[in-house]
Amino acid sequence: MTALPETAPPRLAWLRQRLAGGTNSQWFPYLLVLPLVLVLYGYVVHPMFATFSESVSENGTRNYLQFFTSSGVARESLFTSLFISAASVLLCGIVGVTMAFLLKRFSFRGRRLIEAIILVPAALPPLIGAVSFQLLYSNIGILPRGLQALFGTERPILAFDGIAGVLVVHTFTMYPFFYLAAAAALAGMDPSVEEAAYNLGAGRVRVWRTVLLPMLTPAMVSASLLVFMTSLASYTAPLLFNVSQTMTMQIYINRTNGDLPMASAYASVLGIVSIIFLLAMRWYEGRRSYQSQSKGISANRRELNNPIGRWLAPIASVLATMVLLAPVATIALVAFSENRTWTTQVLPETYTLDNFVTIFSDPKAFEPILNSLQMSLLAAVGCVVIGVLVAYAVRRLKFFGRGLLDVAVMIAWALPGTVVAINLISAFSTGNAFSFGQVLIGTFWILPLAYFVRFLPIVFRSSSAALALIDPSLEEAARNLGASWLRAFYTITVRLMLPGVLAGALLAFVHGVGEFVASVLIYTSSTVPISVAINNRMYSFELGTAAAYGMLQVALIFVVMWFSGRLESSRTATRRAEQWTN
């Protein structure tokens with residue numbers, strides 16, 4: 001052991017002694033985690049406190065009293081948001097669980113086609129999804145106008161508006177949460193348990209009540225909370241279907257009216273409700289285990305033997321395919337229509353390629369595309385750097401407060417986009433240590449920062465899942481052979497988890513390109529992203545150009561989905577190879 005110099009100050013000598021073990025010392029995890037904690041505190045937690053401070057800066061608690069003592073807009077907005085979220089959970093649950101049961105339990109013609117396209121509505125960016133449904137089902141939509149022309153009525157038929165329109169959008173874009181959870185639960189369920197119940201004389205209703213629903217409970221509760229939180233944060237659907245009295249819309253209205261304290265109060269209440277549901281989800285997931293006792297037996301699909309069912313199944317498959325692809329088809333159709341020519345007709349009468357030529361050749365129209373690509377790329381790089389390190393710290397290192405670090409990342413996921421925007425406005429309207437003394441509001445950097453905060457959990461979760469598949473002994477073996485911690489981390493751990501990291505980074509990038517909710521509150525005239533350009537073009541009645549931007553986003557999403565699928569296939573192949581070689 002090397003003796004410390006006698007002239008070293010006591011504190012420096014104490015620090016050298018603590019760090020004498022290098023990366024094997026008990027203090028190494030804290031040195032690695034400290035910068036990550038500062039980043040999460042500076043850009044996630046500190047802005048939340050700044051928002052609360054802003055909400056009580058002028059009138060004390062008067063803004064909050066409106067939620068509990070007044071019958072005005074504040075309380076009605078809170079109740080409306082909660083009602084829409086609860087109704088969205090019910091409708092998404094019915095559609096998602098029914099689809100999962102039909103596709104995972106029965107085999108019929110057209111099943112594979114539906115399975116291939118069932119997640120398309122969920123892949124659409126929120127603004128594009130809402131716009132496509134507005135062009136399809138609202139008063140100006142193709143379907144109500146077509147029915148009006150068919151039956152010769154004065155008004156469009158089956159036109160959705162208000163809360164009904166919002167619920168239609170939510171149902172079609174969020175039911176995959178239930179479908180994915182229920183499908184996974186049904187695929188892992190032992191069919192012999194259900195068959196035993198039938199053999200003992202139980203009817204279908206009793207089997208559902210006593211066998212299937214209890215086994216599906218964890219999946220349904222998790223999906224319920226996901227849908228509830230996403231609906232609570234919804235902004236584009238209420239905006240396009242004229243529902244102004246929701247929490248997110250009131251945040252936008254108060255912000256644009258210059259009442260930042262009231263907007264901050266709304267944001268704080270919405271953030272608290274979202275975090276409560278996030279913690280409830282985590283609590284319920286760890287509350288009890290519903291693991292199947294089967295020995296690797298997967299559920300088998302049964303052929304439909306009922307003659308009526310054998311005829312109805314293909315018809316329903318075609319209808320379901322048309323319904324699921326209708327939003328994308330609508331955007332594609334309108335993208336080729338001439339601006340300001342589609343007014344009262346059922347379908348656009350004039351088609352052109354000028355919309356695509358405009359967005360790629362006009363510098364002013366191309367600027368939003370360039371802005372979105374630049375800002376999303378910067379945010380994705382930041383998400384990769386911080387997300388990978390946080391995932392490594394949470395998965396591999398042992399230190400006090402590891403659970404709090406995990407929760408801090410997921411808080412960013414629980415916060416709605418409007419809340420993230422208000423938090424950043426409250427925190428970075430003046431210079432502070434985390435902005436290096438600079439005012440970030442009104443600059444280029446505030447949007448990449450917002451995307452980083454919003455989509456960091458995606459890269460973190462993807463990296464954490466990839467890291468869970470890697471045996472820690474590989475890194476330990478490298479270090480035993482003389483490699484430093486940094487070299488072992490870079491050459492072993494990072495390279496093995498690279499497919500998962502890339503998949504998360506691609507998702508963060510494509511979500512950044514389609515982000516609208518936070519962008520609309522903090523963009524400037526020189527940093528207009530694609531989503532805000534779509535919104536502005538819609539209000540200018542340039543539907544063709546707006547849809548052309550949307551098709552660009554849809555094409556980008558399909559490329560990312562294809563590439564992510566290839567990465568997932570390579571990971572599956574790697575795992576299979578490891579099983580054969582080990």
Check for a donor-acceptor pair, side chain of [X] on one end and backbone N or O of [Y] on the other, with a separation under 3.5 Å.
X: Ser132; Y: Ile128; value: yes
X: Thr98; Y: Val95; value: no
X: Asn257; Y: Asp259; value: no
X: Gln553; Y: Val513; value: yes
X: Asn339; Y: Gly544; value: yes
X: Ser81; Y: Met247; value: yes
X: Ser372; Y: Ile530; value: yes
X: Asp354; Y: Glu338; value: no
X: Gln245; Y: Glu76; value: no

Note, [X] side chain near [Y] side chain (heavy atom, < 4.5 Å):
X: Phe509; Y: Leu556; value: yes
X: Val169; Y: Tyr137; value: no
X: Phe177; Y: Thr230; value: yes
X: Tyr549; Y: Pro368; value: yes

Can you measure from [atom1] ([X]) to [atom2] ([Y]) and round to the nearest 0.5 angstrom?
X: Ile534; Y: Thr236; atom1: CD1; atom2: OG1; value: 11.0 Å
X: Thr418; Y: Arg255; atom1: OG1; atom2: CZ; value: 12.5 Å
X: Ile140; Y: Leu543; atom1: CD1; atom2: CG; value: 6.5 Å
X: Leu167; Y: Ser85; atom1: CG; atom2: OG; value: 9.5 Å
X: Ile84; Y: Thr80; atom1: CD1; atom2: OG1; value: 6.5 Å
X: Leu424; Y: Phe452; atom1: CG; atom2: CZ; value: 11.0 Å

Side chains of [X] and [Y]: is there a donor and an acceptor less than 3.5 Å apart?
X: Thr246; Y: Tyr235; value: no
X: Ser55; Y: Tyr64; value: yes
X: Thr51; Y: Asn423; value: yes

Do you know the tightest heavy-atom contact between [X] and [Y]?
X: Ala380; Y: Ala505; result: CB-O, 4.1 Å
X: Asn139; Y: Pro156; result: O-CG, 3.6 Å
X: Gln134; Y: Leu240; result: NE2-O, 3.3 Å
X: Val166; Y: Val243; result: CG2-CG2, 3.7 Å

Determine whether more than 12 heavy atoms belonging to other residues, nucleotides or ligands lie under 6.0 Å from atom [atom1] of [X].
X: Leu150; atom1: CG; value: yes
X: Phe83; atom1: CZ; value: no
X: Arg145; atom1: CZ; value: yes

**Message:** Between Tyr175 and Tyr179 (judged by ring centroids, cut-off 6.0 Å), do the two rings come close enough to count as a pair?
**Reply:**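 Centroid separation for Tyr175 and Tyr179: 6.0 Å or greater.
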**Message:** Using 30° and 60° as the class boundaries, would you call the ring planes of Phe455 and His511 parallel, tilted or perpendicular?
**Reply:**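 Rings of Phe455 and His511: tilted, 30 to 60°.
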